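Chain letters run A, B, ... following the sequence lines, proteins first and then strands; every chain starts at 1. Treat the numbers as computed from the prediction; the structure is a model and nothing was measured.
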There are 4 protein chains.
Amino acid sequence: MSQEPEFLGLGGRLGAAAGEELVAAGFAMEMADAQLLHDGFGLAGLAHTLALADLGVLPAEDSAALLQALLEMVEIPAQEFPYDPAFGDPWNSRERRIEALAGPRAGWITVGRPRREAARVAMRIAIRRAVLDCHTALVGLGDAYLAGARRHRQVLMADFTYLQPAQPTTFGYLLAGYLQPVLRHLVRLENAYSWVNRSPAGAGGTAGSSLALDRERLANRLGFDGVIPHARDAMWQTDGFVDLLATLANLAVEAGQVAADLEIWASPAYGFVELADEYCRVSALMPQKKNPYALAVIRHAGGSASGAVAELLTVLRTGSARTDHFLSLTGDVNRALVTVAGALRLLSGVISTLRVDRAALARSAADPGLVLGDLADRIVSGGLGDRRAVHQLLGLAARRAAEAGRPLSSADVASVLSELGVELPPELLSGLLDPRVVLSSRTVLGGWARLPELLTASGRELGRRRRVGTALRSALDGAEAALVAEARDRGRSV
Amino acid sequence: MSQEPEFLGLGGRLGAAAGEELVAAGFAMEMADAQLLHDGFGLAGLAHTLALADLGVLPAEDSAALLQALLEMVEIPAQEFPYDPAFGDPWNSRERRIEALAGPRAGWITVGRPRREAARVAMRIAIRRAVLDCHTALVGLGDAYLAGARRHRQVLMADFTYLQPAQPTTFGYLLAGYLQPVLRHLVRLENAYSWVNRSPAGAGGTAGSSLALDRERLANRLGFDGVIPHARDAMWQTDGFVDLLATLANLAVEAGQVAADLEIWASPAYGFVELADEYCRVSALMPQKKNPYALAVIRHAGGSASGAVAELLTVLRTGSARTDHFLSLTGDVNRALVTVAGALRLLSGVISTLRVDRAALARSAADPGLVLGDLADRIVSGGLGDRRAVHQLLGLAARRAAEAGRPLSSADVASVLSELGVELPPELLSGLLDPRVVLSSRTVLGGWARLPELLTASGRELGRRRRVGTALRSALDGAEAALVAEARDRGRSV
Amino acid sequence: MSQEPEFLGLGGRLGAAAGEELVAAGFAMEMADAQLLHDGFGLAGLAHTLALADLGVLPAEDSAALLQALLEMVEIPAQEFPYDPAFGDPWNSRERRIEALAGPRAGWITVGRPRREAARVAMRIAIRRAVLDCHTALVGLGDAYLAGARRHRQVLMADFTYLQPAQPTTFGYLLAGYLQPVLRHLVRLENAYSWVNRSPAGAGGTAGSSLALDRERLANRLGFDGVIPHARDAMWQTDGFVDLLATLANLAVEAGQVAADLEIWASPAYGFVELADEYCRVSALMPQKKNPYALAVIRHAGGSASGAVAELLTVLRTGSARTDHFLSLTGDVNRALVTVAGALRLLSGVISTLRVDRAALARSAADPGLVLGDLADRIVSGGLGDRRAVHQLLGLAARRAAEAGRPLSSADVASVLSELGVELPPELLSGLLDPRVVLSSRTVLGGWARLPELLTASGRELGRRRRVGTALRSALDGAEAALVAEARDRGRSV
Amino acid sequence: MSQEPEFLGLGGRLGAAAGEELVAAGFAMEMADAQLLHDGFGLAGLAHTLALADLGVLPAEDSAALLQALLEMVEIPAQEFPYDPAFGDPWNSRERRIEALAGPRAGWITVGRPRREAARVAMRIAIRRAVLDCHTALVGLGDAYLAGARRHRQVLMADFTYLQPAQPTTFGYLLAGYLQPVLRHLVRLENAYSWVNRSPAGAGGTAGSSLALDRERLANRLGFDGVIPHARDAMWQTDGFVDLLATLANLAVEAGQVAADLEIWASPAYGFVELADEYCRVSALMPQKKNPYALAVIRHAGGSASGAVAELLTVLRTGSARTDHFLSLTGDVNRALVTVAGALRLLSGVISTLRVDRAALARSAADPGLVLGDLADRIVSGGLGDRRAVHQLLGLAARRAAEAGRPLSSADVASVLSELGVELPPELLSGLLDPRVVLSSRTVLGGWARLPELLTASGRELGRRRRVGTALRSALDGAEAALVAEARDRGRSV
């Protein structure tokens, strides 16, 4: 046998090494994720070696030597590791290295464990961290919305649909609205995490490992929250990734809606808000242009995450248990997580530093048109007219004012109502002209008048989600450190 | 005022009714969902009227008359209701009808409640039923897999990756693998249901209804499991639909993978399985062709649901709170649910009636190549050779047999190992040649030897999911019947 | 043999008819397209019968009788034809009918021709019409943009990026910009048409029909522009549908961008444009709200067509030549064509009837900030300063004005430049303050000053595209009428 | 003014430089494409400087110095250029460098030209090369299919639908079928190229450059095939990228279908083909497994390109002319081109080196069931029975054989037909039992008997497409070299 390890299988099952098109299109693509998988491969190797030692199949001396070699590899920073697609995927490069360090003992790393199992463990170890980072970024956005909602609770503005003024609201109420789905998305990320952070270790080839490894102990050492029992399911399940990417697309598309709203409100015609300079760039041609560049970046993330969902669903359209599904999956999912987390951090910054022009916002709320719906309701409730007729007349008043090119006035309203024979008690309309009065009447559950209650509840829920994220992260940190410590201990023990 | 109600707003805010291009492209699209929304609109109207009566703003006599009119509309079958896009969306047609039945009192149905709120309630009422139907269909697929896994637990076959034989397994173990994600998807559907089945009723226009409606009682009457507090979130949230469609795509794509597997196994070259005639069609040209048409239909559903996810994510890419998001949403989500549920029922039927050719399957398991991995592990565990060298030699044995165009034999293996100086104890290989022996050694958690345990656990979980579905459905039935009964009672009470 | 035709293959290759899940999920889905395919099936049957007669294999008497029966079926309106999914796809229902009408002679319609061939011909006949309709709708949008560009050529406004004012332009120049991609999309639709309108007729089963049919004559009779030679390609090609759907998504997403622009410009804060009442709807709750509903409908079409592309690409991810690809394809492609054509007609109407507020637009163009880029260029060209320094100072002027909350003035600019030691010749800036002067300096190819030239060229191109569409349509009309006439003639001839 | 150039706009329009979240999420994303854009930015700068000099606004001495500086930058390899996202996008880093090299003269590069124009030119220069590379790869696949079709023209096999044997064909006929869409896709790529390779240079800011640049000469120098006249269209058009990505998805999904076919045929149960070792990898666990890894890689490309289409369509869903559209576009489109070209090269290699097992293929063609369709046609044409009845009986024969678990025989067929009273002339069936006879009867246009004719035509078309690609590439090479030479010449001229 050659001392120099060669392309796996060459001279065995294969008469020729990988052709250059295969290296370029296949192995290079898988190798692009080597850095992401590096730490996970390291931990997976340690845990498997300890499990072999526990079983007694691997003699103590060999296991110590193997652990030492594996620990040496763990300490090589990912970017310095000699990953080389000419020899296959990241695992192949690692196998070559472990053979160079540990000689024939290296063979133990594939006893009872396929390459695929090691790769799946490494993938989950990479992705679980990135999910927690994204969770943290989303908690940060929740904080920004919540603080803004508190700060601007009383800042009057018009709400819009179709960008046409609808009814009075406040900027704080609006921000509280943006916050609500964030609270739901946090739970979705936690569900995705709990799918990701389950252990395929010890599943082995097809119907279970050839060795009676203790899978629960393996899972525990690797920081996983449980074992995926069925071996084929453990190796090939992808359903949680569809879920995760869909959640990322979901929340990023929503962040993009907020960015689109802000783009409009930051335009001079509205002048409701202005972004801090840190989130803008100037035009190189036009010196006056301070462009809210951050909003374009935030909006882009939703498109990018949506593409990732479509890509994965398309990739999965084959028979079951196909290698295609995983060729670029770690990188794709990680990229989506990093992109979306980056956009969330950016949006948090934008929201937290937004300059709000209360006067401009207040002007939008001062339009008497905004209360015609309330007026109609009161007329009907007061038994003064039927709603459809009143609706039509009030609409007519609005039309006449619009056609005359002037704002709607109380007199317009009174005059048109008298056409219907409705003598509007003057206090009915004048009582509505202060948007504050209208808002104070929103006393239903979730209405403006009960915003403090909603903010308290939302703040509590946000706190719960933050604590869950923190606890998950410190559990991971603890487990990973303990595994390395145990391996050091056992590696030294000979 | 005209007695004959006209296009809403005409003569009021509008000087002209909808143009024909708008009716054709807009209202007709919304109207396509009228049948789906019909029942929900009916219930929403009853609940709102009762809430107005509870508040005391609506006089008892008016409320009774209005309830009678609304009950009359509830009794008109959806397909007989005079829905007409010339007057706008389904709500507009309903408003016209209620005016015809109840006169000016009809106006009360928009007091404190925008059209949008009624439409959102109706949408959720339509979709929640369809989610439960899909849950039932998925439970049925779980049943079929579980029964199959039990029936074929001992039916030996090769497992494959890249369609190349890998290691021994059984058909039952494989079906148990298909079952695992089904159990996860059921929980996802329940989560989606619990998002759908929350109440926007009483949210009103923008920052809460103009009336102090009791939103919890409204939710209760409508069979919802709680209130969505924030009014803008209640009106415009779409995150649960992204979730739901992604779950449908997820599970349908997986069902399609199973269909792709079956298509291959049902092909004469494999001959592992045959579909019952009920799931096939013949070629009109070629009399000998019994085509497994059901598999094409099942596979198609995954593409269709994936398109629905992409569509919704694309539609949502605007500013927040846009009408675009909802124009065809009820129909799109319902179509996806119905399509996927249909595919699931079809796959359940196919699996339950599959003719399995045990002999053909057993032949695939008899290839000695399938145990070379185990052999290598045993050689290494026995200290007889290092794994990479052994791997290469065993691979060489396989290559030589393949090049000679004959099956691999034990003699080939022994002879090639002796080249490495490994004198293979004869019982080592012969002990592996019975796939049953190999499978019995899969004693790790989730391995083949522990399949009964896994099936028991899976069966228990499937039972839990079924009971959840059943309970949700009967809660809905009860609430909807109670609301109609209460309305009848109160409508009669004058 | 039963006189009553039954489920195809029952009692032959099949021992049981289709199960109810298969009818519900499979045949019903295919049947949903029966109306669309009806005419094409009719024409395909006539052409095939004529070809059999031409060959002499089908005796004259039989062919006349068969033609009579087929013509009778052609005359049944699609919605009255007894299509029934219990018997399979639309073809099966038609086969049953032709047997009822023509007895055993009916068998000739599958001699040398599989069901699949008939279905593919019918699909192309359905889709080609819909492509031409969409082409017509897009020509109409081109007309609307062109007329608007001419009408508003001199109507000054600011151009925006990031919704921040950039430089002066005119509303006409902008509309001319919207027009440019329309001209390219028209060519794309023509390319898609020329793919669709090629003939699979006579391709037969797998490697060519069993009969020596004259495929060119068949193509000619059916109005196709040529034959797809390779039989498998003729039956299974889908590449043109991907192309077509991508083009629809492409142009619909663009139409949606225009709708998004208009939504902003129609909002009161901008007040640049107002939609005609025919394209609006009022709020049922809020009488003052005239909502530009058409824009939501237009924007929605882009999402819908994007979903159709994603769906088809996902559906195609199998092996080659799979029935799945076509199960709902006719309906899906037709729906995309009809939806997009509807949105295009709506946008044409909106553009043609838009009320443009020239004063509001002019105000946006009057901001001196819009010419700072030009000013910087002139300063540098005049050797009065280096561009980056000037850029910075002019930006500073803009910042100071913004921070002071007042518009930028000429004095601000002069004063800040003098800090750099640039004594700005007063005519340099004042010469730029009239946006008309700035625009007149845009004399490069395609610049504003050469808009008339561009509009002439665009108008010519639009005329060419319209003539292509018209010619294609009349060729179709002619061919289809001629085929029916020939069949009538030959059906009578016995 | 600071000598050290800083963050653009800082101290001018901006009071603060980009925040770290913006650098991380925005500029870093744009910077990821710096290497791709490097050469194009270099050429764009040279051409713009020459155009300024032509106009006479830029003094000869300055232009020479500026050209020298720009040429120096052109010679720095992309990976050594000091690109740094802290200063913005790639253009900002280049601007800093040119200022360091050329001092205040550097300002000329933004006179009459926004950053955006430079970026759009650079993007098109990058992508046009990648399109031609992909075209070359696709021509290569066409060559492989064509050579295979010629080599295996007579290699009998069954054709399949639903993976059930249908009718006889040959492996060469099948490969000729795969070739047909390749010929169409080549034209699509050429159309995409001709969209990409048009010039936005000289378009300037919003309604044309502030200077009267000669845009045709600019286009010519940059190797573009014409000018995009309208300035806004020139800056913001994306329609060709949707087209291009859709074409890539289209052809890659098709390549994936071929890979799926090959995966099945390479599985031992079929044994039709075997991949050369260069395109395979072994299992690390299972020594016997030679996995056709290349097929997974090829299939993956279709999913990846489909994701890119979905992503772009989603990203474009905003208002018009948004920066979001372009943030990652160069990299996204390039990645799709490179991925798909890599997959095409891999598939070409696989096809060219495929080991074909003629005996196994021939066995599949020997099934008498494959000719029952032809038999039915002959019986009907011979007036011996009606087709539906014959179809049913032949199907019954097939069913009986299948149920008895044995192959269909001629005797089965004769016996069942006699039940219908059809006395089959023995030569009718026996004449069909040689698949060669059946194939020779496929004489329709495009049928098997006319394959040589089709291959000649296909070969000619492939030659045309190859020549177009070659001509486009050498035109580019010539133009780019000429521009650098002219710049050298003019840079030296002072």
Side-chain angles (χ1 to χ4, degrees), chain B residues 160-167 260 263-264 266-272 274 277 280 282-293 295-296 310 313-318 357 364 367-377 388 390-399 401-402 405 408, chain D residues 160-167 260 263-264 266-272 274 277 280 282-293 295-296 310 313-318 357 364 367-377 388 390-399 401-402 405 408:
Chain B
F160 297 82
T161 60
Y162 300 88
L163 294 184
Q164 301 294 321
Q167 290 186 327
E263 189 186 55
I264 292 167
S267 73
Y270 278 83
F272 287 179
E274 187 182 344
D277 288 5
C280 297
V282 295
S283 163
L285 184 75
M286 297 169 281
Q288 86 283 8
K289 285 206 77 187
K290 176 187 156 187
N291 289 325
Y293 172 65
L295 302 178
L313 285 171
T314 319
V315 163
L316 293 176
R317 295 266 309 162
T318 61
D357 185 336
S364 76
D367 171 0
L370 302 190
V371 299
L372 295 189
D374 282 81
L375 181 62
D377 285 357
R388 182 137 176 174
V390 168
H391 178 275
Q392 192 164 26
L393 281 184
L394 294 177
L396 184 61
R399 172 148 67 112
L408 180 71
Chain D
F160 297 83
T161 60
Y162 300 88
L163 294 184
Q164 301 294 320
Q167 290 185 327
E263 190 187 52
I264 292 166
S267 74
Y270 278 83
F272 287 180
E274 187 183 344
D277 289 5
C280 297
V282 295
S283 161
L285 184 76
M286 295 168 284
Q288 87 283 8
K289 284 205 76 186
K290 177 187 155 186
N291 289 325
Y293 173 64
L295 302 177
L313 286 171
T314 320
V315 164
L316 293 177
R317 295 266 311 162
T318 62
D357 186 335
S364 75
D367 172 2
L370 302 191
V371 299
L372 294 190
D374 282 79
L375 181 62
D377 285 357
R388 183 137 174 173
V390 168
H391 178 275
Q392 192 165 25
L393 282 185
L394 294 176
L396 185 60
R399 172 148 67 113
L408 180 71

Can you tell which part of [X] gets under 4.5 Å to a heavy atom of chain B, answering side chain, backbone, both or neither?
X: D:A401; result: neither
X: D:S364; result: neither
X: D:A310; result: neither

Spatial distance of atom [atom1] ([X]) from atom [atom2] ([Y]) [nearest 0.5 Å]:
X: D:R399; Y: B:D277; atom1: CZ; atom2: CG; answer: 6.5 Å
X: B:D374; Y: D:L285; atom1: CG; atom2: CG; answer: 8.0 Å
X: D:Y162; Y: B:C280; atom1: OH; atom2: SG; answer: 9.5 Å
X: B:R317; Y: D:L313; atom1: CZ; atom2: CG; answer: 11.0 Å

task = Check whether B:A398 gets within reach of chain D through its side chain, its backbone, both or neither, counting any heavy atom under 4.5 Å.
result = side chain
ask   = So which heavy atom on B:P165 is nearest to which on D:P268, and how close?
value =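 Closest approach of B:P165 to D:P268: CD-CG, 3.5 Å.
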ask   = In terms of heavy-atom pairs under 4.5 Å, which option from B:A269, B:G405, B:G373, B:A376 contacts chain D the most?
value =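 Max contact count across the listed options: B:A269.
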query = Picking from B:S267, B:G395, B:A397, which has the most non-hydrogen pairs under 4.5 angstrom with chain D?
reply =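 Top option by heavy-atom pairs under 4.5 Å: B:S267.
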task = Let me know which of B:Q164, B:Q167, B:H391 forms a side-chain contact (heavy atoms from CB on, under 4.5 Å) with D:M286.
result = B:Q167
Choice from D:I264, D:N291, D:L372, D:L394 maximising heavy atom contacts with chain B below 4.5 Å = D:N291
ask   = Between D:A260, D:A284, D:A402, which shows the greatest number of heavy-atom pairs under 4.5 Å with chain B?
value =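 Among the listed options, the one with the most contacts to chain B is D:A284.
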key: Short side-chain to backbone donor-acceptor contact, D:Q288 and B:A166, under 3.5 Å   =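 Present.
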